[in-house]
> 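Before I ask anything, let me first share the structure, which is written out below as C-alpha cells.
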Amino acid sequence: MKTGLLTSFFIIFSSCYSAQIKSGLKVESGVSYELAQFRKSTLSDIKYELDLDIPESKTERISGAENITFSYKKQGELPLQIDFKENAASLLSVTVNGQIIKPVLDQEHILIDQKYLKSGLNQIAFKFLAGNSALNRRDGYLYTLFVPDRARTMFPCFDQPNLKANYSLTLTIPEKWNAMANGKLKETIVKQGRKKLSFAQSDLLPTYLFSFAAGDFKKFKEKIGDQDAGMLYRETDSVKIKNSMDSIYNIYRNSLAYYEKWTGISHPFQKHGLVVVPDFQFGGMEHPGAILFQNSTLFLDKNATQSQLNNRSNLLAHEVAHLWFGDMVTMDWFNDVWTKEVFANFMADKSTGASSDKSIYDLKFLTTHFPAAYSVDRTIGANPIRQILDNLQNAGMMYGPIIYNKAPIMMRQLELLIGEDNFRKGVSEYLKKYAYSNATWPDLIKILDSHTVEDLQSWNKVWVNEPG
C-alpha cells in the first residue's frame with residue numbers, strides 16, 4: 001500500500017543518514033536527527049544520578065554533581081556526544097570510567113574520545129554549574145520545564161525522547177522550602193538551616209519529562225488509592241483554596257478512573273503529584289509524579305463562571321491523559337509530538353464528555369476545535385499534521401492549531417471510520433506493546449489497520465501527511 005510522501009522522505013533521510021555515519025557524524029548545535037539515530041543505536045540502560053545544591057537567592061548559581069551510567073556499543077572512532085547547552089566555564093570537571101579528562105565542549109556537546117570508553121557498561125561523572133534558562137527561578141521558588149530539548153541547558157544528558165532513562169535525584173535546599181520530583185521522597189535530612197531531600201529512582205522517562213520543583217510552597221498531602229498524590233502550591237486566598245481543593249482532586253480521580261477503564265491499564269507510574277505555580281507559561285505540563293499546573297486555572301472562587309469550571313476540568317483531564325499518551329508511550333522523535341497532544345485532547349474530551357449530556361459534549365467539541373483548525377488549515381501556508389523535523393532545536397515550530405485543533409478532529413474521524421470498539425482495542429494494544437518505550441504514528445496505524453477492513457494507509461496519507 002502507499003504510505004505517502006513522508007515515508008519516502010524518511011527512506012531518503014535514512015539513506016543519507018547511513019552515508020553520513022560512514023563518513024563521520026558532524027558536531028553541530030542542537031540535537032540533529034542523525035545524532036539522535038546514531039546514539040539510539042549505540043546507547044541503552046541509561047541512568048542519571050543528580051545531586052543539586054540550590055541556594056535561596058535566584059542570582060546565585062546552582063552547583064551540581066552527576067553520574068551517568070549506560071551500556072555502550074563502540075562504533076568506529078567518532079567521539080560520544082553528550083548534550084550541554086552552557087558555556088565552557090560551567091563545566092567544572094569530567095571523569096570517564098574513573099579517569100579525569102580535560103573537558104571538551106563544542107557546539108553544545110561534551111565530546112568524549114573513544115579511547116576513554118569501552119563496549120558494555122560505562123560511567124561518566126560531571127561537576128557543573130546548572131544553566132538557568134529552563135529552571136524558571138523566581139523569588140522563593142523554581143520549577144523545571146525541559147520540553148522539548150531544554151534539559152541540556154541545565155545538566156549534561158542525552159536530550160532526545162527515545163533514550164529513556166531512570167533518574168535518581170538529591171536536592172539540597174533552604175530548610176523552609178519544600179520540593180517535589182518524579183520519584184517518591186524517600187529521605188529528608190535537616191542540618192544547619194539546609195534540607196537535603198533524596199528521591200527514589202524515577203520510572204523510565206525521556207529527558208523532557210524529568211522534572212522537579214522546589215521553593216517556599218505550601219504542601220497539601222493526599223493519596224489516591226495507596227499512591228502519594230500530594231500538591232505544592234503558592235495560592236494565598238484561603239477561600240479559593242477551600243472552594244477548589246476537593247473539586248481538583250475529584251476531577252483528577254474521575255479522569256484517572258476513566259482512562260484506566262478505557263485503556264485497560266492501571267496508572268503506570270509510582271506516584272501522583274501536582275505543582276501549582278502562579279506564573280506558569282502554559283496551562284499544564286505532564287511530568288509524571290510532578291505535573292505542573294497554572295494557578296489561576298485550578299484555584300477558583302465560588303463565583304467562577306461555567307467557562308472557568310470547564311477549563312479546569314479540561315486541563316486536569318488533559319494532563320492526566322498524558323500519563324498514558326506521551327509519558328508511558330512516548331513519541332520516538334518530536335515530529336510525532338502531535339500524537340501525544342491529540343490523544344490528550346481527544347481523551348480529555350471523552351473523559352469530560354462521559355459525565356455530561358452528549359449534545360453539550362458535541363457542541364463543545366465543535367466550537368473548541370473546528371474554528372481554530374479551519375483558521376489555519378484553509379490557508380496557503382497550512383502544514384500537515386505530521387511534519388518533518390531535522391533538529392530538536394526547531395521542535396517548537398511543531399506546535400499550533402493544527403496539532404491542538406485539527407488533530408482531534410482527525411482522531412474522531414478515525415474512530416468513526418473503524419468503530420469505537422475497534423479503535424479502543426487497537427489503542428489499548430498499542431499502549432501495551434510500547435509501554436515505557438517509544439513509538440511512531442505509523443506504529444499505531446499499523447496496529448489499527450489490523451482491526452479494520454478500511455484502507456487506513458490511504459486515509460492516513462490524506463488526513464495526516466497532507467495539509468488542507
Side-chain angles (χ1 to χ4, degrees), residues 13-50 64-131 146 148-165 167 206-208 210 332-334 389-395:
F13 203 22
S14 296
S15 298
C16 294
Y17 159 70
S18 298
Q20 188 179 42
I21 289 301
K22 290 177 182 178
S23 62
L25 185 67
K26 64 181 179 181
V27 179
E28 58 183 304
S29 62
V31 179
S32 69
Y33 179 76
E34 293 91 343
L35 174 61
Q37 292 295 92
F38 181 66
R39 291 195 303 205
K40 179 63 177 176
S41 71
T42 59
L43 298 167
S44 61
D45 301 320
I46 303 169
K47 297 184 187 299
Y48 296 93
E49 294 179 11
L50 275 165
E66 173 184 13
N67 282 313
I68 307 178
T69 58
F70 55 91
S71 292
Y72 187 54
K73 296 178 183 177
K74 293 189 72 171
Q75 292 188 19
E77 298 303 317
L78 296 173
L80 176 64
Q81 297 185 38
I82 302 175
D83 312 322
F84 189 48
K85 191 180 178 181
E86 256 298 314
N87 57 54
S90 297
L91 186 59
L92 305 179
S93 70
V94 181
T95 304
V96 183
N97 292 323
Q99 184 174 351
I100 299 173
I101 69 170
K102 182 180 179 180
V104 178
L105 188 62
D106 184 20
Q107 296 291 315
E108 304 171 357
H109 303 286
I110 302 167
L111 304 183
I112 307 296
D113 194 291
Q114 286 288 336
K115 66 184 180 183
Y116 302 113
L117 299 168
K118 58 187 177 182
S119 292
L121 187 65
N122 289 261
Q123 183 180 74
I124 302 179
F126 301 98
K127 291 191 183 299
F128 64 97
L129 297 176
F146 295 146
D149 66 330
R150 302 177 74 220
R152 63 196 178 98
T153 68
M154 193 204 84
F155 67 103
C157 60
F158 302 110
D159 204 2
Q160 60 189 76
N162 60 1
L163 285 178
K164 288 189 169 183
Y167 297 81
T207 46
Y208 83 89
F210 168 58
D332 192 72
W333 185 240
F334 258 86
L389 179 65
D390 61 342
N391 193 304
L392 279 185
Q393 65 185 356
N394 301 320

> So which atom in Tyr208 and which in Pro148 form the shortest heavy-atom distance, rounded to 0.1 Å?
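It is CB-O, 3.8 Å.
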
> Can you list the steps and then say if Phe70 with Ile124 is a side chain to side chain contact (heavy atoms under 4.5 Å, CB included)?
CA-CA 9 Å; Phe70 55 91; Ile124 302 179; 3.8 Å; yes

> How long is the span from the CZ atom in Phe158 to the CD atom in Gln81, to the nearest 0.5 Å?
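Answer rounded to 0.5 Å: 10.5 Å.
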
> If every non-hydrogen atom of Ala36 is compared with every non-hydrogen atom of Trp333, which pair is closest and at what distance?
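Heavy-atom minimum between the residues: CB-CZ3, 3.5 Å.
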
> If you count the non-hydrogen atoms of other residues, nucleotides and ligands that lie under 6.0 Å from NZ in Lys127, is the total more than 12?
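12 or below, so no.
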
> Would you say the side chain of Leu163 lies within less than 4.5 Å of the side chain of Cys157, judging by non-hydrogen atoms?
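Cys157 does not reach Leu163 side chain to side chain.
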
> First locate atom CD of Gln114, then atom OH of Tyr72, and finally report the distance between them rounded to the nearest 0.5 Å.
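Going from CD on Gln114 over to OH on Tyr72, the span is 3.5 Å.
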
> Which value, rounded to the nearest 0.5 Å, describes the distance between Ile68 atom CD1 and Asn122 atom CG?
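CG of Asn122 is found 11.0 Å from CD1 of Ile68.
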
> So how far is it from Ile110 CD1 to Leu105 CG, rounded to the nearest 0.5 Å?
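Ile110 CD1 to Leu105 CG: 6.0 Å, rounded to 0.5 Å.
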
> Give me the atom names and distance for the closest heavy-atom approach of Gly30 to Asn391.
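Minimum heavy-atom separation between Gly30 and Asn391: CA-OD1, 3.4 Å.
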
> Please step through side chain to side chain contact (heavy atoms under 4.5 Å, CB included) for the pair Asp83 and Arg39, ending with a clear verdict.
CA-CA 11 Å; Asp83 312 322; Arg39 291 195 303 205; 2.8 Å; yes

> Any heavy-atom pair between the side chains of Ile101 and Ile112 that's under 4.5 Å?
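Counting from C-beta outward, Ile112 and Ile101 do come under 4.5 Å.
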
> Before you tell me yes or no, could you show the steps for Leu91 and Glu86 under side chain to side chain contact (heavy atoms under 4.5 Å, CB included), namely the whole-Å CA-CA distance, both residues' side-chain angles and the distance that decides it to 0.1 Å?
CA-CA 8 Å; Leu91 186 59; Glu86 256 298 314; over 6 Å; no

> Any donor-acceptor pair under 3.5 Å linking the side chain of Asn97 with the backbone of Gln123?
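Between the backbone of Gln123 and the side chain of Asn97 there is a qualifying donor-acceptor contact (under 3.5 Å).
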
> Where do Leu111 and Asp106 come nearest, in terms of heavy atoms and distance?
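Residues Leu111 and Asp106, closest heavy atoms: CD1-CB, 4.0 Å.
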
> Could you tell me which non-hydrogen atom of Ser93 sits nearest to which non-hydrogen atom of Pro103, and how far apart they are?
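Closest heavy-atom pair between Ser93 and Pro103: CA-CG, 4.5 Å.
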
> Hey, does His109 have a side-chain heavy atom less than 4.5 Å from the side chain of Pro79?
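No, too far: nothing below the 4.5 Å cut-off.
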
> Hey, are the side chains of Asp332 and Gln37 touching, using non-hydrogen atoms and a 4.5 Å cut-off?
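Side-chain contact under 4.5 Å: yes.
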
> Of all heavy-atom pairs between Gln393 and Glu108, which one has the smallest distance, and what is that distance?
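Of all heavy-atom pairs spanning Gln393 and Glu108, the closest is OE1-OE1, 4.5 Å.
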
> Say you draw a straight line from OG1 of Thr69 to OH of Tyr48; how long is it, rounded to the nearest 0.5 Å?
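Thr69 atom OG1 to Tyr48 atom OH measures 10.0 Å (nearest 0.5 Å).
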
> Rounded to the nearest 0.5 Å, how far does CD1 of Ile82 lie from CG of Asp159?
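One gets 12.5 Å once the value is rounded to the nearest 0.5 Å.
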
> Of Phe84, Phe210, Phe128, which is the lone residue that meets ring pair (Phe, Tyr, Trp, His ring centres under 6.0 Å) with Phe155?
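Looking at Phe84, Phe210, Phe128, the match for Phe155 under the ring pair (Phe, Tyr, Trp, His ring centres under 6.0 Å) is Phe210.
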
> Could you go through Asp45 and Lys47, starting from their C-alpha distance and side-chain angles, then the distance that decides it, and tell me whether this counts as side chain to side chain contact (heavy atoms under 4.5 Å, CB included)?
CA-CA 7 Å; Asp45 301 320; Lys47 297 184 187 299; over 6 Å; no

